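Fair warning: this is a prediction, and the values are worked out from it, not measured in the lab. We're numbering straight along the sequence, starting at 1.
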Amino acid sequence: MKKYNRLKKNHEFSYIFAHGTSFANRQFVLYTLKKEDQVHYRAGLTVSKRMGNAVMRNRIKRYLREAVSELEPRIPGGYDLVVIARKPVAEMDYHETKKSLTHVFKKAGLLTPSKAKPQK
């Protein structure tokens with residue numbers, strides 16, 4: 001994710017938790033907060049220590065960053081997002097992670113329809 005697309009500060013996360021709306025499935029919780037003065041979206045990722053050792057947590061974060069990057073063209077601007085990984089994510093591969101993350105984004109109404117290329 002590009003630098004301007006990241007949430008880093010603890011107070012930003014806390015503000016989104018307090019004032020945002022949450023959507024969840026079994027693998028993820030997604031907090032969203034609409035920001036009218038913001039052109040692009042910003043996303044923060046959290047993976048608890050209960051998920052496993054540092055290697056496992058970093059692998060999950062890599063998968064999440066890549067999945068969000070692939071979904072970037074479909075995510076509208078003007079939102080702050082926080083993605084919290086739940087325990088079942090530890091056993092998932094990248095494709096399952098992306099599918100589940102896409103599901104929770106759709107549940108939140110944040111994905112615009114993809115522009116599929118016509119096949120010849």
From [X] atom [atom1] to [Y] atom [atom2], the distance as rounded to the nearest 0.5 Å:
X	Y	atom1	atom2	result
R86	S48	CZ	OG	12.5 Å
M51	K61	CE	NZ	11.0 Å
Y15	L7	OH	CG	13.0 Å
Y79	T32	OH	OG1	6.5 Å
N53	N58	CG	CG	9.0 Å
E12	F17	CD	CZ	12.0 Å

Do you know the tightest heavy-atom contact between [X] and [Y]?
X	Y	value
Q27	P88	CG-CB, 4.2 Å
K106	R74	CE-NH2, 4.0 Å
F13	G44	CZ-CA, 3.7 Å
I60	A85	CG2-CB, 4.2 Å

Between [X] and [Y], is any pair of side-chain heavy atoms under 4.5 Å apart?
X	Y	result
L45	V47	no
E72	Y41	yes
L81	I75	yes
L101	K98	no
L110	L30	yes

Counting distance only, does the side-chain N/O of N25 pair as donor-acceptor with the main-chain N or O of S100 below 3.5 Å?
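Yes.
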Do the side chain of K107 and the main chain of A24 share a donor and acceptor less than 3.5 angstrom apart?
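Judged by distance alone, yes, a pair lies under 3.5 Å.
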Only one of H19, Q38, K34 clears side-chain hydrogen bond (donor to acceptor under 3.5 Å, both in side chains) with D80; which?
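Passing option: Q38.
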For V89 and Y63, what are the C-alpha separation, side-chain angles and deciding distance, and is it a side-chain contact (heavy atoms from CB on, under 4.5 Å)?
CA-CA 10 Å; V89 177; Y63 286 173; over 6 Å; no
side-chain contact (heavy atoms from CB on, under 4.5 Å) assessment of E96 paired with D93:
CA-CA 6 Å; E96 293 170 326; D93 67 3; 3.2 Å; yes
Might you confirm whether atom NE2 of H11 has over 12 heavy atoms from other residues, nucleotides or ligands at distances under 6.0 Å?
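Enclosed.
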So for atom NZ, which belongs to K99, do other residues, nucleotides or ligands contribute more than 12 heavy atoms lying within a distance under 6.0 Å?
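For K99, atom NZ is not crowded (no more than 12 foreign heavy atoms under 6.0 Å).
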Do F105 and Y94 sit in the same hydrophobic cluster, where Ile, Leu, Val, Met, Phe, Trp and Tyr count as joined when their side-chain heavy atoms come under 4.5 Å apart?
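Different clusters: F105 never reaches Y94 through Ile, Leu, Val, Met, Phe, Trp or Tyr contacts under 4.5 Å.
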